[in-house]
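Hydrogens, waters and symmetry mates play no part in the numbers below; they use all other heavy atoms, side chains included. Proteins get letters first, then strands, A, B, ... in listed order; numbering begins at 1 in each.
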Amino acid sequence: MKRKILVTSALPYANGAIHLGHLVEYIQTDIWVRFQKMCGHECWYVCADDTHGTPIMLRAEKEGISPEVLIDRVHGEHTRDFAGFHVGFDNYYTTHSEETRACANDIFARLAAAGLIETRTIEQYYDPLKQMFLPDRFIKGECPKCGAHDQYGDNCESCGSAYTASELRNPYSAVSGARPELRQSEHYFFRLSDHRCQSFLRRWTQSEDRLQPEAANKLQEWLGEEGEDRLTDWDISRDAPYFGFEIPGAPGKYFYVWLDAPIGYMGSFRNLCSRTGLDFDEYWKDGSSTELYHFIGKDILYFHALFWPAELEHAGYRTPTRVFAHGFLTVDGAKMSKSRGTFITAESYLAQGLDPEWLRYYYAAKLSATMEDIDLNLDDFIARVNSDLVGKFVNIASRSAGFIVRHFAGRLCTCDESLHAVDAIRDRRAVIAGHYEGREFGKAIREIMALADLANQYVDRVKPWELARQPGSERELHTACSNAVNLFRLLAVLLKPVLPALAVKAEDFLNVAPFTWDDGATVLAAGHAIRSYRHMLTRVDRRQVDALVEANRQSLAAAPPPAPQRHAEHQEKAAARSAVEAEGPPVGGAHVALDEFMRVDLRVARIAEASHVEGADKLVRLLLDVGPLGRRQVFAGIKAAYDPAALVGRLTVVIVNLAPRKMRFGLSEGMILAASDPEGRQPGIFLLSADAGAQPGMRVK
RNA sequence: GGUGAUGUAGCUCAGCCGGUCAGAGCGAUGGAUUCAUAACCCAUAGGUCGGUGGUUCAAGUCCACCCAUCACCA
């Protein structure tokens with residue numbers, strides 16, 4: 001029976017690059033979708049960039065571009081990265097679309113009509129400088145429990161306690177550094193606490209295998225027991241300025257990004273429908289007989305298993321058939337780390353020349369239907385890909401094709417279908433299909449590799465290389481190699497969902513139409529001509545992996561200019577030294593009291609202008625934007641290491657309360673921070689940078 | 001802190017409802033072989049199944065506690 005299936009992966013946020021952690025989900029989904037398509041089902045895979053919200057707005061502002069330009073650019077990057085890993089979306093769209101807006105407005109209106117939307121005035125921190133309300137993550141201050149500095153508005157990373165932003169001591173805006181003030185604002189709420197929502201969700205989450213058992217338990221925890229009604233209303237609006245969809249009839253109020261993100265699945269599908277003639281309603285109307293699956297990370301289970309089905313149900317749409325949550329990626333047993341170089345972007349993986357199918361295979365080999373984290377162990381990655389894919393699988397074709405081409409003009413003879421290996425493959429097909437369907441890819445891979453072992457053992461037993469030397473054994477040789485080529489084909493069919501590009505090469509080598517799942521039950525006809533074998537997959541070289549890690553480690557560094565600098569003498573260093581020496585020896589000497597250090601006012605600054613100074617050997621004139629503190633002119637002795645043009649737009653750190661110094665070329669109103677070898681033995685001077693999120697004017701301490 | 005998950009051979013992992021489950025692949029070692037990117041094939045490896053107590057005729061497999069790691073706590 002032909003199924004009609006709609007599949008989604010979570011929408012990546014449009015403010016950053018796709019990395020190997022993201023790819024776990026897209027590769028997992030893609031394998032599942034490809035399997036369904038191979039089986040002949042009608043299966044549509046849609047996704048989109050998640051483009052709204054404060055972080056996008058601020059990022060665009062920081063880059064000096066409009067949010068639309070930013071999300072366009074990122075959309076291009078994401079599309080490229082996914083294509084590079086053979087993630088075969090039927091549509092990769094954007095939430096910033098009229099389709100998504102229409103769906104969001106429609107759902108909002110229907111929820112309102114159902115009496116599930118209400119407005120309420122809440123008090124929230126407001127940044128008077130930026131003139132915007134601040135999300136919790138953009139408010140920092142001292143932890144009310146332990147007093148740790150620079151903690152976010154929702155919880156303390158130092159002591160782990162959770163609190164609300166209004167409990168923070170000495171709060172400040174992470175956007176402008178200003179002291180935020182509490183202001184009132186009217187917000188829209190989705191009344192999740194309504195008994196209709198609670199009883200629906202209690203039923204929905206605990207029935208029909210909607211969720212994995214661990215996920216269902218987690219949901220049970222969130223929902224509480226019958227009558228406990230733990231769910232609270234969900235704030236779905238944000239005040240201007242906000243990048244998103246303005247709520248109809250509510251000027252200055254916007255849908256919260258997490259409201260329109262899942263609706264982006266609908267928007268993307270609607271867009272696909274308009275291009276292909278598919279029937280949107282058939283897939284989304286209440287009571288639809290089609291299937292709808294969401295692949296997500298376990299971190300967003302709350303949104304997909306509570307908010308989303310409740311919205312759909314009460315807006316009169318169908319709810320997801322199932323939600324599949326997966327775990328996170330670790331690399332070599334630890335969280336991905338920029339400093340260790342294990343925060344690896346998709347782009348860098350491809351740019352370093354690594355084969356995307358290596359990663360697809362490795363992920364497949366480790367994926368299961370559970371929410372457990374999976375580990376990318378780099379040594380294991382190399383060993384597994386080389387031994388399984390090259391040593392076992394591809395080797396079958398490689399070791400048999402030559403004989404067919406050389407001795408039999410590329411033509412196969414009848415495959416011996418009574419062969420144990422052929423029989424075993426046919427016998428295990430259904431089991432393997434079950435593993436694909438059930439997202440137990442690791443088990444599928446284990447099965448397939450055991451079958452590949454059988455194929456190699458067969459070749460080893462019939463020894464074509466000996467037959468080739470014995471006159472009169474042509475027939476046996478022909479049979480042996482035809483059998484081996486057929487075994488390779490059958491295995492390639494089984495692996496196609498995981499290795500689509502390799503499957504194309506195999507199809508070309510075998511001179512056949514694209515594999516379907518049913519091809520795993522047949523063999524090639526006698527007389528079928530294959531093409532000569534060309535390598536389908538190379539081995540992973542450890543040096544490639546090392547280089548990849550190294551590249552990602554370096555990409556975080558502040559991109560110091562490579563220009564070697566012989567004399568590291570410069571104004572900053574000299575001045576810094578004299579400043580410190582006034583208090584004592586710079587290193588390993590007397591301590592500096594905190595309040596003494598705090599007298600040095602360090603701020604994040606953006607280099608607004610940079611130019612050469614006529615007549616100066618070392619100086620560059622900088623005009624710094626220090627946010628609320630205005631602009632300052634600073635002369636920096638970095639001419640030999642930095643081209644002024646390359647400095648514009650960079651964030652760095654400046655001492656703003658250094659006594660101004662009259663120089664021959666003008667007044668220098670501060671000093672930027674840069675690193676260099678104190679002894680002057682190592683060449684180079686390296687400007688300090690601020691991590692993403694820092695804004696001009698922020699205090700450095 | 002609360003809740004949940006995980007902890008099995010050097011590495012990555014299987015082990016469903018307790019009784020041939022102490023396993024597989026890779027690595028390592030030895031052997032065989034040379035068709036294949038030194039690939040492949042055969043054999044071997046003896047890990048107190050995180051720790052300590054329980055339940056049971058019988059426990060990686062159930063219970064309690066402890067340790068470690070991870071996640072979630074809107």
Side-chain angles (χ1 to χ4, degrees), chain A residues 136 145 154-156 159-164 192-193 212-224 230-235 258 297-307 325-330 332-335 362-363 365-368 370-407 440 442-443 445-450 452-469 477 480-481 484-485 488 533-541:
Chain A
D136 286 352
K145 304 268 168 32
D154 45 7
N155 68 76
C156 174
C159 71
S161 56
Y163 42 78
T164 64
L192 212 60
S193 64
Q212 294 131 300
E214 318 96 278
N217 287 341
K218 182 61 76 181
L219 269 291
Q220 184 61 48
E221 209 179 291
W222 286 330
L223 284 162
R230 290 193 187 170
L231 296 183
T232 55
D233 295 341
W234 181 35
D235 185 349
W258 257 113
K298 61 184 179 183
D299 53 325
I300 54 177
L301 194 56
Y302 205 91
F303 297 95
H304 284 80
L306 291 179
F307 296 159
H326 60 79
F328 296 142
L329 179 73
T330 56
D332 283 342
K335 263 188 223 181
Y362 189 74
Y363 280 175
K366 305 201 78 168
L367 277 166
S368 74
T370 71
M371 300 202 308
E372 283 174 47
D373 292 352
I374 73 168
D375 184 45
L376 168 57
N377 180 293
L378 295 172
D379 289 333
D380 189 46
F381 169 75
I382 297 168
R384 192 137 195 177
V385 167
N386 287 347
S387 103
D388 287 4
L389 247 30
V390 183
K392 285 183 182 174
F393 170 56
V394 168
N395 186 49
I396 299 163
S398 172
R399 68 192 306 199
S400 53
F403 295 109
I404 295 287
V405 171
R406 278 196 303 275
H407 296 259
E440 290 288 359
K443 288 182 178 164
I445 294 296
R446 264 194 297 283
E447 288 276 352
I448 295 168
M449 283 306 135
D453 283 341
L454 291 181
N456 275 311
Q457 286 159 20
Y458 167 73
V459 176
D460 197 59
R461 198 165 63 246
V462 293
K463 300 185 180 23
W465 55 93
E466 285 187 5
L467 296 172
R469 277 190 242 109
L477 176 64
C481 294
V485 168
F488 169 75
Y533 177 83
R534 301 212 313 249
H535 288 311
M536 295 187 192
L537 198 70
T538 59
R539 304 183 149 263
V540 188
D541 188 325

Taking atom [atom1] in both [N] and [M], what distance in whole Å separates the two?
{"N": "B:G51", "M": "B:A45", "atom1": "C1'", "result": "27 Å"}
{"N": "B:C70", "M": "B:A28", "atom1": "P", "result": "31 Å"}
{"N": "B:A5", "M": "B:G27", "atom1": "C1'", "result": "29 Å"}
{"N": "B:G15", "M": "B:U8", "atom1": "C1'", "result": "9 Å"}
{"N": "B:G19", "M": "B:G23", "atom1": "P", "result": "15 Å"}
{"N": "B:C13", "M": "B:U6", "atom1": "P", "result": "14 Å"}
{"N": "B:C72", "M": "B:A59", "atom1": "P", "result": "38 Å"}
{"N": "B:U52", "M": "B:C42", "atom1": "C1'", "result": "44 Å"}

Contact nearer the 5' end of RNA chain B, comparing A:Asp453 with A:Ser398: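 The 5'-side residue here is A:Ser398.
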When the nearest nucleotide of RNA chain B is assigned to A:Ser368 and to A:Lys463 on a heavy-atom basis, which residue is associated with the more 5' position?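 The 5'-side residue here is A:Ser368.
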What does [X] touch in the nucleic acid at a heavy-atom separation under 4.0 angstrom: a base, only the sugar-phosphate, or nothing?
{"X": "A:Thr538", "value": "base"}
{"X": "A:Phe303", "value": "nothing"}
{"X": "A:Gly391", "value": "sugar-phosphate"}
{"X": "A:Phe403", "value": "sugar-phosphate"}
{"X": "A:Arg461", "value": "nothing"}

Kindly state whether the ring of A:Trp222 and the ring of A:Tyr302 have centres lying under 6.0 angstrom apart.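 Here the rings of A:Tyr302 and A:Trp222 have centres that are less than 6.0 Å from each other.
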Report yes if at least one side-chain N or O of [X] is closer than 4.0 Å to OP1 or OP2 of [N]; otherwise report no.
{"X": "A:Gln457", "N": "B:C40", "value": "no"}
{"X": "A:Asn395", "N": "B:A36", "value": "no"}
{"X": "A:Arg469", "N": "B:C35", "value": "yes"}
{"X": "A:Lys392", "N": "B:C41", "value": "no"}

[X] [atom1] to [N] [atom2]: how many Å, rounded?
{"X": "A:Tyr362", "N": "B:G25", "atom1": "OH", "atom2": "C1'", "answer": "12 Å"}
{"X": "A:Arg446", "N": "B:A24", "atom1": "CZ", "atom2": "C1'", "answer": "8 Å"}
{"X": "A:Trp222", "N": "B:A71", "atom1": "CH2", "atom2": "C1'", "answer": "11 Å"}
{"X": "A:Met449", "N": "B:U12", "atom1": "CE", "atom2": "C1'", "answer": "15 Å"}
{"X": "A:Glu447", "N": "B:G15", "atom1": "CD", "atom2": "P", "answer": "12 Å"}
{"X": "A:Ile300", "N": "B:A74", "atom1": "CD1", "atom2": "P", "answer": "17 Å"}
{"X": "A:Lys443", "N": "B:G25", "atom1": "NZ", "atom2": "P", "answer": "18 Å"}
{"X": "A:Leu454", "N": "B:A24", "atom1": "CG", "atom2": "C1'", "answer": "14 Å"}

Can you tell me how far [atom2] of [Y] sits from [atom1] of [X], rounded to the nearest 0.5 angstrom?
{"X": "A:Asp380", "Y": "A:Tyr362", "atom1": "CG", "atom2": "OH", "answer": "3.5 Å"}
{"X": "A:Arg469", "Y": "A:Lys463", "atom1": "CZ", "atom2": "NZ", "answer": "11.5 Å"}
{"X": "A:Lys218", "Y": "A:Leu306", "atom1": "NZ", "atom2": "CG", "answer": "12.0 Å"}
{"X": "A:Leu192", "Y": "A:Asp235", "atom1": "CG", "atom2": "CG", "answer": "12.5 Å"}
{"X": "A:Glu214", "Y": "A:Thr370", "atom1": "CD", "atom2": "OG1", "answer": "6.0 Å"}
{"X": "A:Asp299", "Y": "A:Met371", "atom1": "CG", "atom2": "CE", "answer": "10.5 Å"}

Pairing residues for A:Asp460 by the salt bridge (Lys or Arg N to Asp or Glu O under 4.0 Å) criterion, not counting sequence neighbours: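 In terms of salt bridge (Lys or Arg N to Asp or Glu O under 4.0 Å), with neighbours along the sequence ignored, A:Asp460 is linked to no residue.
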According to salt bridge (Lys or Arg N to Asp or Glu O under 4.0 Å), who are the partners of A:Lys443, at least two apart in sequence or on a separate chain?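 Expected list: none.
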For B:G18, measure the glycosidic angle (O4'-C1'-N9-C4 for a purine, O4'-C1'-N1-C2 for a pyrimidine) and name it syn if it falls within 90° of 0, otherwise anti.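 Anti for B:G18; the angle lies over 90° from 0.
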Positions of residues 380-389 of chain A (non-hydrogen atom under 4.0 Å from RNA chain B), listed by number: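 Within this stretch, A:Asp380, A:Ala383, A:Arg384, A:Ser387 sit under 4.0 Å of the strand.
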Identify each atom pair where a protein N or O and an N or O of nucleotides 3-10 of chain B are less than 3.5 Å apart, giving names and distance.
{"residue": "B:U3", "atom": "O2'", "partner": "A:Glu221", "partner atom": "OE1", "Å": "2.7"}

Proximity to the side chain of [X] - top-ranked nucleotide from [options]:
{"X": "A:Asn377", "options": "B:A14, B:C11, B:A36", "result": "B:C11"}
{"X": "A:Asp373", "options": "B:A36, B:C70, B:C72", "result": "B:C70"}
{"X": "A:Arg539", "options": "B:G15, B:C35, B:A39", "result": "B:A39"}
{"X": "A:Arg399", "options": "B:C40, B:A14, B:C72", "result": "B:C40"}
{"X": "A:Lys366", "options": "B:U12, B:C41, B:U33", "result": "B:U12"}

Taking A:Phe328's backbone N and O only, do any of them form a donor-acceptor pair with A:Asp373's side chain (distance below 3.5 Å, no angle check)?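 Judged by distance alone, yes, a pair lies under 3.5 Å.
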Without swapping roles, check the side chain of A:Ser398 against the backbone of A:Val394 for a donor-acceptor pair under 3.5 Å.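 Between the backbone of A:Val394 and the side chain of A:Ser398 there is no qualifying donor-acceptor contact (under 3.5 Å).
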A:Asn386: partners by side-chain hydrogen bond (donor to acceptor under 3.5 Å, both in side chains), with sequence neighbours left out: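 A:Asn386 satisfies side-chain hydrogen bond (donor to acceptor under 3.5 Å, both in side chains) with no other residue.
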How is the base pairing of RNA chain B summarised as a dot-bracket string, given the Watson-Crick and G-U wobble criteria with both distances under 3.5 Å, [ ] for crossing and | for another strand? (((((((..((((.........)))).((((.........)))).....(((((.......)))))))))))).
Working note: A:Phe307 + A:Trp234, criterion ring pair (Phe, Tyr, Trp, His ring centres under 6.0 Å); need CA distance, chi angles, decisive distance, verdict. CA-CA 8 Å; A:Phe307 296 159; A:Trp234 181 35; 3.8 Å; yes
Are A:Arg384 and A:Asn377 linked by a side-chain donor-acceptor pair shorter than 3.5 Å?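 Side-chain D/A pair, A:Arg384 to A:Asn377: absent.
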Heavy-atom donor-acceptor pair, A:Thr232 side-chain to B:A74 base, under 3.5 Å: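 Yes, the side chain and the base share a sub-3.5 Å donor-acceptor pair.
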With under 30° as parallel and over 60° as perpendicular, where do the rings of A:Phe393 and A:Phe488 fit, or are they tilted in between?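 It falls in the parallel class, under 30°.
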